[in-house]
Amino acid sequence: MTDALLLIRDADGIRTIAINRPDKLNALNAATLDALDTAFADAAADASVRVVVLTGSGPKAFVAGADIAEMNALTPVQGRDFSLRGTRMMRRVEKMPKPVIAMVNGFALGGGLELAMSCHLRIAADTARVGQPEINLGLIPGFGGSQRLLRLCGRAATLELCLTGAPITAERALQLGIVNRVVPAADLEADTMTLAAQLASAAPLALRGILDCVNIGGECGIEEGLEYEAAQFGLVFSTQDMREGTSAFLEKRKPAFNGK
Ligand code: COA
């Protein structure tokens with residue numbers, strides 16, 4: 001499927017969604033936020049989609065931020081609504097029942113880093129630059145940046161990135177725990193697709209259990225989180241895939257998971 005704002009393609013259980021405003025470095029305007037919301041709802045509902053890869057079109061940017069031209073004229077009430085629109089969409093990404101990988105092919109700034117952080121895994125090209133430059137515009141992060149960065153890498157780095165607005169290299173983002181892997185730009189797509197293929201062949205309901213444990217259990221105290229994990233652990237014993245995975249191990253063969 002192709003439309004003006006997103007390029008979407010499917011192959012072997014992997015849905016790739018590319019934000020398609022390369023002339024604006026894939027800046028997130030309201031229409032793009034809405035298109036992403038719909039695209040992720042569709043990917044969540046489609047059982048043939050096992051993994052989602054999110055990236056930006058063109059050679060320069062993943063996403064260079066929320067659309068500054070659109071924000072320039074907003075009233076306070078519209079600003080709040082714009083923030084909620086992005087936050088709602090990114091929360092949907094974060095709570096997706098299947099893995100979402102951000103393939104960070106260039107600038108991931110402001111809303112771009114916020115969007116990447118709402119994905120479950122981030123693979124960055126060594127040429128990528130990430131940051132929260134809102135302060136340079138007299139703004140603050142508005143799509144969850146202060147909250148997700150804090151949870152990913154702690155107060156010191158969060159305050160440094162948000163207060164200075166200075167972008168950092170992919171390598172530094174790796175050191176800080178903001179991205180999972182950094183690869184040469186030429187290898188980014190192949191390496192991301194290798195990881196996506198690995199996840200696409202894993203047991204979908206077990207993947208979902210892990211995502212739920214981290215998303216839901218991770219927001220509770222340790223007692224509730226451990227109880228939640230135990231309940232999810234019990235639940236996977238109801239799946240055919242758990243019988244298949246354990247049997248395949250005992251029979252010394254590769255498992256074939258069917259998502260049931
Ligand atoms: N919102 C709207 N338009 C944006 C944008 C954004 N966040 N980021 C880039 N663009 C547009 C530019 O206005 C330009 O459009 P034009 O050709 O019509 O003038 C186009 O994308 C290319 O950007 P340009 O600035 O010319 O590219 P560059 O390579 O010189 O610089 C950046 C790249 C990323 C350093 C620079 O675009 C930038 O600082 N962008 C804003 C980053 C930001 O503050 N994001 C947080 C927003 S809250």
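Atoms within each ligand, like the ligands themselves, are counted from 1 in listed order.
Screening Val53, Val52, Leu207 for a side-chain contact (heavy atoms from CB on, under 4.5 Å) with Pro99, the sole residue that qualifies is Leu207.
In this structure, Arg253 places its CZ atom where more than 12 heavy-atom neighbours from other residues, nucleotides or ligands lie under 6.0 Å away. Under a cut-off of 6.0 angstrom, the local environment of CD in Glu70 is crowded, with over 12 non-hydrogen atoms contributed by other residues, nucleotides or ligands. Shown here is Leu159, whose CG atom has more than 12 heavy atoms of other residues, nucleotides or ligands within 6.0 Å. With a 6.0 Å radius and a threshold of 12 heavy atoms from other residues, nucleotides or ligands, Glu244 has its CD atom above the threshold. Atom CG of Asp12 has 12 or fewer heavy atoms from other residues, nucleotides or ligands within 6.0 Å.
Residues that satisfy the ring pair (Phe, Tyr, Trp, His ring centres under 6.0 Å) test with Phe233, not counting sequence neighbours, are Phe237.
For atom 25 (O) of ligand 1, no protein heavy-atom neighbour is present inside the 4.0 Å cut-off. Contact annotation for atom 12 (C) of ligand 1: protein absent (non-hydrogen atoms, distance under 4.0 Å). Using a 4.0 Å threshold on non-hydrogen atoms, atom 21 (O) of ligand 1 counts as touching the protein. At least one protein heavy atom sits closer than 4.0 Å to atom 33 (C) of ligand 1. Contact annotation for atom 29 (O) of ligand 1: protein present (non-hydrogen atoms, distance under 4.0 Å). Atom 44 (O) of ligand 1 is flagged as protein-proximal [any protein heavy atom, distance under 4.0 Å]. At a distance under 4.0 Å, a protein heavy atom can be found next to atom 15 (O) of ligand 1. When distances from atom 8 (N) of ligand 1 to the protein are checked, a heavy atom turns up under 4.0 Å.
In terms of protein heavy-atom proximity, atom 23 (O) of ligand 1 is closest to Leu25 CD1, 3.6 Å. Ranking the protein heavy atoms by distance from atom 42 (C) of ligand 1 puts Ala64 O, 3.3 Å first. Among all non-hydrogen protein atoms, the one lying nearest atom 2 (C) of ligand 1 is Ile68 N, 3.4 Å.
A salt bridge links Arg21 and Asp67; the closest N-O separation between the charged side-chain nitrogens and carboxylate oxygens is under 4.0 Å.
Between Asp23 and ligand 1 there is a heavy-atom distance shorter than 4.0 Å. For Glu70, the heavy-atom gap to ligand 1 stays at 4.0 angstrom or more.
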Apply the test salt bridge (Lys or Arg N to Asp or Glu O under 4.0 Å) to residues Arg15 and Asp42: give CA-CA distance (whole Å), side-chain angles for both, the deciding distance (0.1 Å), then the verdict.
-> CA-CA 11 Å; Arg15 176 160 296 177; Asp42 289 348; 5.6 Å; no

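In Lys24, the parts holding a heavy atom less than 4.0 Å from any atom of ligand 1 are both the side chain and the backbone. Contacts with ligand 1 closer than 4.0 Å are made by side-chain heavy atoms of Lys60 only, the backbone lying farther away. Only the side chain of Ala27 comes within contact range of ligand 1, with a heavy atom under 4.0 Å; no backbone atom does.
Listed by number with element, the atoms of ligand 1 under 4.0 angstrom from any heavy atom of Asp67 are 1 (N), 2 (C). Within ligand 1, counting atoms from 1 as listed, the ones closer than 4.0 Å to a heavy atom of Glu134 are 48 (S). Atoms of ligand 1 found under 4.0 Å from any heavy atom of Met71 (numbered from 1 in listed order, with element): 48 (S). Shown in contact with Leu137 at under 4.0 Å from a heavy atom are these atoms of ligand 1, numbered in order with element: 44 (O), 47 (C), 48 (S).
Side chains of Thr239 and Asp241: a donor-acceptor N/O pair is absent below 3.5 angstrom, by distance only. If you check the side chains of Tyr228 and Glu224, you find no donor sitting under 3.5 Å from an acceptor.
One N or O on the side chain of Asn180 and one on the backbone of Arg122 form a donor-acceptor pair closer than 3.5 Å. Although no hydrogens or angles enter the test, the distance criterion places a donor-acceptor pair under 3.5 Å between the side chain of Asn105 and the main chain of Gly58.
Considering backbone and side-chain N/O atoms, Leu109 never comes within less than 3.5 Å of an N/O atom of ligand 1. At least one N or O atom of Ala66 sits closer than 3.5 Å to an N or O atom of ligand 1.
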